[in-house]
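Take a look at the structure set out below.
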Amino acid sequence: MEKMKMESRDLFDSNIRKISDLFPEVITEAYDSEGRIKKTIDFKILKELLSGSIVEGGETYSFTWPGKKSALAAAHTPIRKTLRPSLEQSMDWEKAKNLYIEGDNLDVLKLLQECYLNRIKMIYIDPPYNTGHDFIYMDSFESSKARFEEKSEIKSEDGERLLKNLETNGRFHSDWCSMIYPRLILSRNLLTEDGVIFISIDDNEQENLRKICDEVFGEQNFVAQLIWERAYAPKNDAKFISNSHEYVLMYAKNINEFKIGRLPRTEEANARYQNPDNDSRGPWKPSDLSVKTYSADSDYPITLPSGRVVEPPAGRCWRLSKNKFLERLQDNRIWFGTNGDSVPSMKRFLSELKFDGMAPTSIQFYKDVGHSQEGAKEVSSLLGGGYFEGPKPIRLLKRLMTLANLKDDSIVLDFFSGSASTAQAVMEMNHDSDKNIQYILVQIPETIDSKSKAYQAGYKTICDIGIDRIKKAIQKIYGEESLFKTDNIGFRVFKLDSSNMKDVFYSPDTYQQNLISFAETNIKEDRTELDLLFGCLLEWGLELNKSINSKVIDGYTVYKYGTDDLAACFGNSIPEKVVRRIASEQPLRVVFRDSSFETDAEKVNVTEIFKLLSPETELKVI
């Protein structure tokens, strides 16, 4: 039986496999740093194959900064961490489809690479804007940064140092770029082919972010740089200009697959269509018959019903050739005005519009999507205090979700979730449109200042605020009674933690003989069977929101995940009778503890039992 690795997906190996599919002749073998043979790329051969496209020594267009190579490596380096379920913080755990994950989003994104690869329809993030006081993360790309950490002594709830990007830091912009770059690389892998990402940003890093996104998502997949009118009144104490807007960058994963969601038509827009001639096809509006692009075939005189003759304006021609014009005239699609003496125009019928709804515009006015104070009031009204700075208004997020063209089973990811506005926006959209959209939120458990009002109200971390906001938003939107009558309202909470496995599991050669008792079990003592189950789901690439059932067979607890997605039993010395019961149900995957079987002969017997009773089942041990 294969032993599970219990680490995040190795993106280096994944990239090598992709190159192997295209150029199998460049794949070779070499010793790694630990003396083991592994597949690698012969760059000399690859260079020869691509020699016609390689620029030697010349200048090339690129965007770089100090620490970029390290940031790129950080995105691809696997980690040995896991997500541990927190049932006590969750709400309606059994039926919940939504996820709230506490932890550094770089690590969490790595753990989600298998589970949610090509599964996320929309990503929205509101990352720190690099204003000099709100930029906190745990990355480490250079030794000088480590020294800065020691001086700043900013720590999370579990004692891990956090880096605060103060203006005194010499690598002000470089740090920010190194923070966002690997996270965007990992997030792109999660998007569906028709998926889209929205990123809120202001002037501090807008230019750098645009260049990074062009590199990660491809310049051809740029959709728009939306302008959000975040303030409804100017600030008279502004030194130069009262800044009233922010940006939302919008990129598709594949522009050829993405279809924009259009906005509902307004009464104002429909009012432009009238029916002065009582046309049976309904309301219409006139459209200019002339165009700038000149064509001799479309330059001809038109005699109006009044007898007056008109020609195209100077330098222009008619939109239609003469034959096409006569066809439209015969079909009553040309309008000469009420008196028959106006320059001709084409009739555009409301019933014949090419698209349903209206095309969105690049400017998002606060009257349509809310302003920053509206977002703050939404949090304050739920929690009884303004405990969070700068939350985005729900109306803005719902507008972005409309543009994302979400389907009924779409998943929305926010890995800088802050006050959890995205969760509330998803729930309101589900409630209003009877959809079943899911959300995944990720937030680092940054500690709250003990002198703040939020701390005095009982909140210890940003995650405490986010979780409480979701619970109170559920009560507001659905009411107390409907909570347990409707699926997909609750959420499952997970916490990023070190691996479930002891270090001896990875490097037994580093332990002395007298520590052999430490290795009697390769699993940490404080881990539950539910911890182990979800650790296996992460490696196997199964989504984390399916149903979990358990039953006891001859004193051994057997977990069933999903319909038949996975069965797990983590007991010691599992008898053959229990193994046969599990195999008889023919699950797609089965996992045991390595210590479930005392001898190699027993492991071979288990394998033979499954070959006989459930040959399609994939077997692994931890």
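Position 1 is the first residue of the sequence, and the numbers go up from there. The figures here come from the full heavy-atom set of this structure, side chains too, leaving out hydrogens, waters and symmetry mates. All values reported here derive from a predicted model rather than from experimental measurement.
A donor-acceptor contact under 3.5 angstrom links the side chains of Glu88 and Ser86, judged on distance only. Looking at Gln456 and Lys451, their side chains never bring a donor and an acceptor atom within 3.5 Å of each other. Checked by atom type, the side-chain pair Glu378/Gln424 shows no donor-acceptor distance below 3.5 Å. No side-chain donor from either of Tyr561 and Asp564 sits under 3.5 Å from a side-chain acceptor of the other. Donor-acceptor pairing under 3.5 Å is recorded for the side chains of Glu529 and Tyr559. Of the N and O atoms on the side chains of Trp284 and Asp277, at least one donor lies less than 3.5 Å from an acceptor on the other residue. With 3.5 Å as the limit, one finds no donor-acceptor pair spanning the side chains of Gln438 and Asn98. A donor and an acceptor atom, one from each side chain of Gln206 and Asp203, are nowhere located under 3.5 Å apart.
Taking the ring axis of Phe217 as reference, the NZ or CZ atom of Lys253 does not stay both within 45° of it and closer than 6.0 Å to the ring centre.
Ion pairing of Glu352 with Arg281 is absent here, as no side-chain N (NZ or NE/NH1/NH2) approaches a carboxylate O to less than 4.0 Å. A salt bridge does not link Lys435 to Asp408: none of the charged nitrogens lies less than 4.0 Å from a carboxylate oxygen. Between Asp356 and Arg265 no salt bridge is recorded (no basic side-chain N to carboxylate O distance below 4.0 Å). Salt bridge status for Lys546 with Asp565: present, with a side-chain N to carboxylate O gap under 4.0 Å. The existence of a salt bridge linking Arg183 and Asp104 is confirmed by a sub-4.0 Å separation between a basic side-chain nitrogen and an acidic carboxylate oxygen. In this structure, Asp288 does not pair ionically with Arg319, as no charged nitrogen and carboxylate oxygen lie closer than 4.0 Å. A salt bridge links Arg333 with Asp331: the distance from a Lys NZ or Arg NE/NH1/NH2 to an Asp or Glu carboxylate oxygen falls below 4.0 Å. Using a cut-off of 4.0 Å between Lys/Arg side-chain N and Asp/Glu carboxylate O, Arg492 and Glu94 are scored as not salt-bridged. By the 4.0 Å N-to-carboxylate-O rule, Lys211 lies close enough to Glu207 to be salt-bridged with it. A salt bridge is defined here as a Lys NZ or Arg NE, NH1 or NH2 lying under 4.0 Å from an Asp or Glu carboxylate O, and Lys460 with Glu446 fails to meet this definition. The pair Lys347-Asp279 counts as a salt bridge, with a side-chain nitrogen and a carboxylate oxygen less than 4.0 angstrom apart.
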Test side chain to side chain contact (heavy atoms under 4.5 Å, CB included) on Glu374 and Tyr232 and set out the steps.
-> CA-CA 10 Å; Glu374 181 175 316; Tyr232 63 87; over 6 Å; no
Passes side chain to side chain contact (heavy atoms under 4.5 Å, CB included), His245 versus Arg230? Steps please.
-> CA-CA 5 Å; His245 72 280; Arg230 67 173 180 81; 5.5 Å; no
For the pair Phe491 and Ile474, evaluate side chain to side chain contact (heavy atoms under 4.5 Å, CB included) and give the outcome as yes or no after the intermediate values.
-> CA-CA 10 Å; Phe491 58 98; Ile474 289 173; 4.2 Å; yes
Working for side chain to side chain contact (heavy atoms under 4.5 Å, CB included), residues Ile199 and Leu184 | CA-CA 10 Å; Ile199 310 172; Leu184 293 181; 3.9 Å; yes
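Asp414 places no side-chain N or O within donor-acceptor distance of the main-chain N or O of Leu441, the cut-off being under 3.5 Å.
Aromatic ring centres of Tyr124 and Phe198: separated by at least 6.0 Å. Proximity of the aromatic rings of Tyr387 and Tyr459 is defined here by a centroid distance below 6.0 angstrom, and this criterion is met.
In this pair, Trp93 and Phe534 present their aromatic rings perpendicular. The plane angle is above 60°, beyond the 30 to 60° band.
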